[in-house]
Amino acid sequence: MQFAITTAVSANPHLKPLVSFPRPSPPHRVRVHPPCHRLNTRASVMASSAPLELTITRPDDWHLHLRDGDVMAAVLPHSARHFERAIVMPNLKPPVTTTARAIAYRDEILKALPPGSSFVPLMTLYLTDRTSPEEIKIARKSGVVFAVKLYPAGATTNSQDGVTDILGKCLPVLEEMVKQEMPLLVHGEVTDPHVDTFDREKVFIEKILAPLVQKLPQLKIVMEHITTMDAVNFVESCKEGHVAATVTPQHLLLNRNALFQGGLQPHNYCLPVLKRETHRQAIVSAVTSGSRQYFLGTDSAPHDKRLKECSCGCAGIYSAPVALSLYAKVFEEAGALDKLEAFTSFNGPDFYGLPRNTSKTVLRRSPWKVPATYAYGSGVIVPMSTGNTLEWLPPDQPEE
């Protein structure tokens, strides 16, 4: 693939999601161009000192927390500005366990969108020990629910209602999901207190995920926010089109030292927790390799600053405003900007059997400073890379 020149950005179409098994990806191009003159170049754009623009197919976010109420009203515009669609997580209080509740939550999101936004929320159900196969049928018929989320009970924020025994209590539901071609989205950590926190993902793969794939090889599974080389090895050992993974900006850029440098850093705390540098490097190599089994999922998770900076701080990093800038940074540093578009815009919809977006997004090489906080009704939210200057300016973000 080569970089090509472009000056046109098409308008957003009105999306009509379809559901089917993914088709082979056609060839794609990433377009990098200077603002004032034409330039032909290969993948090594880092060698050029001139300001550049990066034009890619408009991305989707395949793992997003929008919350509800005042928090949703404050954070939704950031995601709607940068992404055309998003898989919306169901771990509200109470959780979104039925199709009826998913439809109601979707309506709340649509009402909160900025005027003229084309953003499409793709809803999910929260899997419990009590979810029925009939609910999966209803979800598929709704045209609104696109996946079911597995939270092991106690694994992360608002997961107390999660699954206690996936194969023992949920097998009929999983078998119906295979029939309905409904993906299972997995928070891949065990919650056994005897397992070291940094080994929870590895043990989950060994004890739960591998047996699940062996039992139901036709079940489409997304291993969410992977953090280890163990996860990379597992995903790549599975059949393409049946097992895939989302990857966050924090797990591509930070290792566990970021939790402690200069004192305890609560705004770098997320679950699954950051891991060793060797794991981070393995994930970067996998994502920038061009493999179709990885796609963008920010896991952007807003919390009030006071709930992060307290004696028992919440897990979650709010990355929606900076995610595209950070992904571009990762791919550029790896010399793989030609593979960014597939990761952000093609691999996700291909896996879900949805059409790719046809509109474009332009990122400009223009330094901008990340705000210290974003305000909402009764407090503020601290974003990832707070106060830092980033190189790639995303759409509609004010320059420094």
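Annotation for Arg256: atom CZ counts as buried by contact number, over 12 foreign heavy atoms lying within 6.0 Å. More than 12 heavy atoms of other residues, nucleotides or ligands lie within 6.0 Å of NZ in Lys308, so this atom counts as buried by the packing criterion.
A donor-acceptor pair shorter than 3.5 Å can be found between the side chains of Tyr294 and Glu236. Checked by atom type, the side-chain pair Tyr374/His78 shows no donor-acceptor distance below 3.5 Å. Between the side chains of His267 and Gln265, not a single donor N or O lies within less than 3.5 Å of an accepting N or O. Checking Thr98 against Glu135 by side-chain atom types alone, no donor-acceptor pair falls below 3.5 Å. Checking Thr227 against Lys275 by side-chain atom types alone, a donor-acceptor pair falls below 3.5 Å.
If you take OH on Tyr126 and CG on Leu150, they are separated by 9.5 Å, rounding to the nearest 0.5 Å. To the nearest 0.5 Å, atom CG of residue Leu363 and atom CD of residue Glu53 are 9.5 Å apart. A distance of 8.5 Å separates CG in Leu64 from CD1 in Ile109, rounded to the nearest 0.5 Å.
Connection of Leu271 to Leu307 is not established within any shared hydrophobic cluster, with ILVMFWY side chains joined at heavy-atom distances below 4.5 Å, either directly or through further cluster members. At a threshold of 4.5 Å between side-chain heavy atoms, the hydrophobic network of Ile, Leu, Val, Met, Phe, Trp and Tyr places Met229 and Ile283 in two separate groups. Residues Leu110 and Leu92 fall within the same hydrophobic cluster, defined by Ile, Leu, Val, Met, Phe, Trp and Tyr side chains chained together at heavy-atom separations under 4.5 Å. In terms of hydrophobic clustering, with Ile, Leu, Val, Met, Phe, Trp and Tyr side chains grouped at heavy-atom distances under 4.5 Å, Leu254 and Val273 are assigned to a common cluster. In the hydrophobic clustering of ILVMFWY residues, with side-chain heavy atoms under 4.5 Å counting as a link, Leu167 and Met177 come out together.
For the pair Leu326/Leu390, a side-chain contact is recorded, criterion being any heavy-atom separation below 4.5 Å from C-beta on. Using a 4.5 Å heavy-atom cutoff, the side chains of Ser319 and Thr248 are not in contact. Residues Pro59 and Thr361 form a side-chain contact, since some pair of their non-hydrogen atoms from C-beta on lies under 4.5 Å apart. By the 4.5 Å heavy-atom criterion applied to side chains, Cys270 and His251 are counted as neighbours. A 4.5 Å side-chain heavy-atom check between Tyr151 and Pro90 finds at least one atom pair inside the cut-off. Between Val232 and Ile226, the closest side-chain pair of non-hydrogen atoms falls below 4.5 Å.
Between Arg292 and Glu240, at least one side-chain nitrogen of the basic residue sits less than 4.0 Å from a carboxylate oxygen of the acidic one, meeting the salt-bridge criterion. A salt bridge links Arg101 with Glu108: the closest approach of a Lys/Arg side-chain nitrogen to an acidic carboxylate oxygen falls below 4.0 angstrom. In summary, Lys329 and Glu333 engage in a salt bridge, as defined by a charged side-chain N under 4.0 Å from a carboxylate O. Between Glu277 and Arg280 there is a salt bridge, since a side-chain N of the basic residue sits under 4.0 Å from a carboxylate O of the acidic one.
Without hydrogens or angle criteria, Arg200 side chain to Val190 main chain gives a donor-acceptor distance under 3.5 Å. Side-chain N or O atoms of Asp60 include none that pairs as donor or acceptor with a backbone N or O of Trp62 at under 3.5 Å. A donor-acceptor pair under 3.5 Å is formed between the side chain of Arg58 and the backbone N or O of Phe83. For Asp230 (side chain) and Glu201 (main-chain N/O), no donor-acceptor pair under 3.5 Å exists by modelled atom type.
Applying side chain to side chain contact (heavy atoms under 4.5 Å, CB included) to Leu296 and the options Thr246, Leu324, Val247 leaves one that passes, Leu324.
The aromatic rings of His63 and His225 sit tilted, their planes meeting at an angle between 30° and 60°. Ring geometry for Phe343 versus Phe331: interplanar angle of 30 to 60°, hence tilted.
A cation-pi geometry, defined here as NZ or CZ lying under 6.0 Å from the six-membered ring centre and within 45° of its normal, holds between Lys220 and Phe351.
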